[in-house]
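Below is one structure, written out as structure tokens; comments come after it.
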Protein chains: 2
Amino acid sequence: MQSMLNKSRASAKRKDALSSTPMKKSDITRQRVLEVTSDLFRRNGYQATSMRDIAAALGMKSGSLYYYYDSKEALLAAILNDNIDATLAGLKQVVANLPADATARQKFEAAIAASVKTISQAGDMAVASAQTLSFLQEPEFSEQSEHRRAYNQFWRDIIIEGKEKGEIRKDLPDAVASMAIVGALTFVAEWYESDRSSTDNIGAIFSRLFFDGMHA
Amino acid sequence: MQSMLNKSRASAKRKDALSSTPMKKSDITRQRVLEVTSDLFRRNGYQATSMRDIAAALGMKSGSLYYYYDSKEALLAAILNDNIDATLAGLKQVVANLPADATARQKFEAAIAASVKTISQAGDMAVASAQTLSFLQEPEFSEQSEHRRAYNQFWRDIIIEGKEKGEIRKDLPDAVASMAIVGALTFVAEWYESDRSSTDNIGAIFSRLFFDGMHA
DNA sequence: GTCTATACTATGATAGAC
DNA sequence: GTCTATCATAGTATAGAC
């Protein structure tokens, strides 16, 4: 479920100056390539999906894919990065739509709820962990790190703001705490089953857990 | 860092009745295969490591590997499962070594500390997320699920015990909370850098975060 | 029971014609 | 932009040596 604000330029053949000419034909196709590939990866897995499979689903030949992306790995990186960016943009919007006098806790709860929903819906790979297995190699690895960093920073900023407002204890290291949150959220994609518990429930449980803790 | 109690039989060619004859030569070699492969995967990544690379590092030919493991994927699954098992065994031991009258919180703290240490040391793939990308296919997928389940259950049991002792709020859904914890722990492998913060620190921060929350 | 030699097939990728 | 070769290499199967 790619967001509508998904620009899909990440990891494209060349990093062009950000959208000077709006939409060439190749950009349209590149977008299609990404959508179809994302769908195949999600359904059949990265490994089980061959470049020929992707090309066939697009009605083209495997060689043509390389006009749009340098490699299969670049294709994966683009999908991952786009998902991160789209998720982050969605979160920012949700928080921005809150009343101006919203507490840090309210922002946190809204962001968690939106995050859980996005990640579980469509099994979004959002901040997916393609790292542990050294799945991505250079240069895709470094590029992905940038996108992750921005995503992590979002959570860190909420914590920092909460500290400033006196809602969050000042001795909590925001760098570590934000990683715990991101980790817990990322992992949702791996265990969530649509029938078990609603995403709203999970979001509420997470919010309460991180804010109030487990203690009785 | 494979634990010493690592049996390394997971995903072997056949599920033999658990260790009737203790150590045949092939078992020794199988163990070596796993260690060398684990090292290569960790250093160069799963994809960048070919079966021929593995065989060469072992001083054998690629075809010979198939005497021990059915596929490259089975090799990965065995490593992943072994790591989960070893991590879990270590955690259980740490908790078992606590005084009999230890509180649930103390158990939790000890387990978190041990977990962070294991996961960060040697970039252990412990409960690694090879799932998001549908990396593992059947039958390895189902097999891995079993090992994960056992690991998750460990955390869930601690929470349940805490509830019974009145240390943890009863309205906390243990299934979801344990997933949050496992997710946060798993994710440590992806951001931990040995120079930044000591594992002890991270463990303490995590324990406090999950028990007391972020609130001021 | 343990390993090698060898070959088969599919894959990711490239170069050049259209 | 897209296709048509074409290539090198990958994972894997197997027959048979020791």
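Remember, it's a predicted structure, so these values are computed and weren't measured experimentally. Computed over heavy atoms, backbone and side chain alike; hydrogens, waters and symmetry mates excluded. Below, read A as the first sequence line, B as the second, and so on, with proteins coming before strands; counting in each chain starts at 1.
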Could you go through nucleotides 14-18 of chain D and list every protein N or O atom that sits under 3.5 Å from one of its N or O atoms, giving the distance for each pair?
none

Subject >> A:F210 and B:F210 aromatic ring geometry - parallel, tilted or perpendicular at 30°/60° bounds >> reply: tilted
Subject >> Euclidean distance, atom CG of residue B:L65 to atom P of C:dT4 [Å, nearest integer] >> reply: 10 Å
Subject >> Approximate separation, where rounding is to 0.5 Å, of A:L75 CG and A:L34 CG >> reply: 6.5 Å
**OP:** Measure from CG on B:L76 to P on D:dG11 and round the result to the nearest Å.
**Re:** 12 Å
Original post:
Under 4.0 Å between a side-chain N/O of B:K61 and OP1 or OP2 of D:dA13, yes or no?
Top reply: no
Subject >> Interatomic distance, B:W191 atom CH2 to A:N152 atom CG [nearest 0.5 angstrom] >> reply: 10.0 Å
Original post:
Rounded to the nearest 0.5 Å, how far does CD of A:E73 lie from CD of A:E138?
Top reply: 9.5 Å
Original post:
Between atom OH in B:Y67 and atom P in C:dT4, what is the gap in whole Å?
Top reply: 13 Å
**OP:** Would you tell me whether A:Q153 and A:D157 have side-chain atoms, one donor and one acceptor, within less than 3.5 Å of each other?
**Re:** yes
**OP:** Answer yes if the side chains of B:R149 and B:S145 hold a donor-acceptor pair under 3.5 Å, and no otherwise.
**Re:** no
Original post:
In whole angstrom, what separates B:E73's CD from D:dG11's P?
Top reply: 12 Å
Original post:
What is the distance, rounded to the nearest whole Å, between atom OH of B:Y69 and atom P of D:dG11?
Top reply: 17 Å
**OP:** State the CD1-CG distance between B:I181 and B:L185, to the nearest 0.5 angstrom.
**Re:** 7.5 Å
Subject >> With A:Q144, the side-chain hydrogen bond (donor to acceptor under 3.5 Å, both in side chains) member among A:R148, A:E140, A:H147 >> reply: A:R148
Original post:
Got a sec? Which of residues 49-57 of chain B come in under 4.0 Å of DNA chain D, heavy atoms?
Top reply: B:T49, B:S50, B:M51, B:R52
Original post:
In Å and rounded to the nearest 0.5 Å, what is the CE to OH distance from A:M179 to B:Y192?
Top reply: 13.5 Å
Original post:
Hey, is the side chain of B:K72 poking within less than 4.0 Å of OP1 or OP2 on D:dG11, counting only N and O atoms?
Top reply: yes
Original post:
B:T29 or A:A48: which one's nearest nucleotide on DNA chain C is closer to the 5' end?
Top reply: B:T29
Subject >> Distance, rounded to the nearest Å, where A:R30 contributes CZ and D:dG1 contributes C1' >> reply: 12 Å
Original post:
What is the distance from CD of B:Q47 to C1' of D:dT9, rounded to the nearest Å?
Top reply: 14 Å
**OP:** Please work out if B:S71 contacts a base, only the sugar-phosphate, or nothing of the nucleic acid, heavy-atom cut-off 4.0 Å.
**Re:** sugar-phosphate
